[in-house]
Amino acid sequence: MVRDMLSRETLAHLPASVERPTYDPAALSVGIVHLGIGAFHRAHQAVFTDSVLSNDPGWGICGVSLRSPETRDALAPQDGLYTLKVQDGGGERLRVIGSIVEVLVATEDPEKVLSRMAAAATRIVSLTVTEKGYCHNPATGRLDEAHPDIRHDLSHPERPKSAVGFIVEALALRQAAGLSPFTLLSCDNLPANGHVLKRVVQRFAELRGPELGAYVAGIASPSTMIDRIVPATTDADRGAVAAALGVADAWPVVTEPFKQWVLEEDFPLGRPRWEADGAVFVKDVSAFELMKLRLLNGSHSTLAYLGYLAGAETVSEAMRLPGMEALVEGLMREEAIPTLPPLLSINLTHYRADLIARFNNPALRHRTWQIAMDGSQKLPQRLLGTIRDRIAAGEAYGRLALGVAAWMRYARGLDERGNAIDVRDPLAGRIAAMTQPLSAPARIVDAYLSLSEVFGDDLAKDAAFRDTLTAALSRLMLEGAAAVVASFGHD
Ligand code: CS2
């Protein structure tokens, strides 16, 4: 029976096989404020940071939840410690991570969050707030000035709700205190994420006033490519980790062995030596981002929608559907890879094969429903940009279009048996209202194409694109996803 919980006090009594911090977690100070302290941050950037803290304890992390207190409630009684469980078919490894110094909840105490961000010791503000957290138009990359949170934050700058509002108010405080701006570090799955972030932050600052706009114009915001597959933690994970540790851990994170981080070198106030744990610093990250978004995330979304519709609960189950591996492999090899700029340091044949192995990892229960979330925000950079490049090159894009059509089938909110799907997407309500009354595939496709923030004006007007989507959606509606996927098994 597990009675105690993970904490600095119980750390010394964990089984010898569990790795633990090589530094004293109590001696850390905050150098990074991270907005969006979810599982992904705790399995990726917090781990790279944990690996280098023994040499520089000034880079501890203050994690901020923008909305819910759950992570803080779980981690505060544990002195911020949590377990990273790394697993694949070959086995598992447990490691306690100590880099999170404190967790704050923005809705409860915005002043404290702002004062941490404005403190001289804070040199980096990093983010994993998901695509929709940027409050931008995904098709243009510009700030959505009509977004309710942005409007709120412009009229109540000292009590912001959005990440953008917090960043700009903290920068205003730093400007008033005569401090240099912190470096912004976007770790979300957006192309040119640092550029997108800087653009929305700068626009917001300009809307607040020219002096602040000028100060923000000088800020460093390097782009990054980040990669590690991190499914949501389940109660079964909690039980297994507690049994292995001998103490309870309210919020462990479970992930795969693979991790990758490529960053642009632009940190005027310094940075941790993340390269000691394998991070790679480059001048321009865009080719790495395109590769990851178009191959990994493009395949992931395709697997998620088709897999969900065909009844697969997890990615590895979806990969076992007849025809799925051939479909995903072909999507990458035939359609996505030809659109990528050459990358001398990466062999794309190996990269593709590694992705297939990672999707097949039987030890991870990565739900198709989890990846299916927020498709309207994800599709532009995962599938639609690739399709644009294929159209420009006069090449076929049938598998990519099938991924988009599967999203259309899914986001309409009715599964193949006519039951409701719990669609999580900022546009879910609008999409359901527009498409549920329709039954003809061509009408459904037209309704979707009217979403210019997803498709832009160019794709909406492209008759061949419309016809390709209509054909794919018709097949999905007539034959069902499993049969359509199976037809790729005979390639
Ligand atoms: C996934 C990503 O949920 C999703 O949309 O595609 O979170 C994916 O697991 C990561 O980008 C992997 O690095």
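Each ligand, and each atom within it, is numbered from 1 in the order the structure gives.
Between Arg382 and ligand 1, at least one pair of N/O atoms sits closer than 3.5 Å. Looking at Lys378 next to ligand 1, an N or O pair under 3.5 Å apart turns up. Between Asn189 and ligand 1, an N or O atom pair is found at a separation short of 3.5 Å.
Between Arg320 and Glu325, none of the side-chain N atoms (NZ, or NE/NH1/NH2) sits under 4.0 Å from a carboxylate O, so this pair counts as no salt bridge. The pair Arg424-Asp422 counts as a salt bridge, with a side-chain nitrogen and a carboxylate oxygen less than 4.0 angstrom apart. The pair Glu264-Lys283 does not count as a salt bridge, with every side-chain nitrogen at least 4.0 angstrom from each carboxylate oxygen. The residues Arg95 and Asp50 are annotated as salt-bridged, a charged nitrogen and a carboxylate oxygen being separated by less than 4.0 angstrom. We find that Arg399 and Glu335 are joined by a salt bridge, their nearest charged nitrogen and carboxylate oxygen being less than 4.0 Å apart.
More than 12 non-hydrogen atoms from other residues, nucleotides or ligands lie less than 6.0 angstrom from CD of Gln436.
Using a 4.0 Å cut-off to heavy atoms of Asp227, the atoms of ligand 1 that qualify are 12 (C), 13 (O). Close approach of ligand 1 to Lys292 is summarised as follows: ligand atoms under 4.0 Å from at least one heavy atom of the residue are 10 (C), 11 (O), 12 (C), 13 (O). Interface atoms of ligand 1 facing His366, defined by a heavy-atom separation under 4.0 Å, are 9 (O). Atoms of ligand 1 found under 4.0 Å from any heavy atom of His300, numbered from 1 in the order shown, are 1 (C), 6 (O), 8 (C), 9 (O).
Nearest protein heavy-atom neighbour of atom 2 (C) of ligand 1: Asn297 ND2, 3.7 Å.
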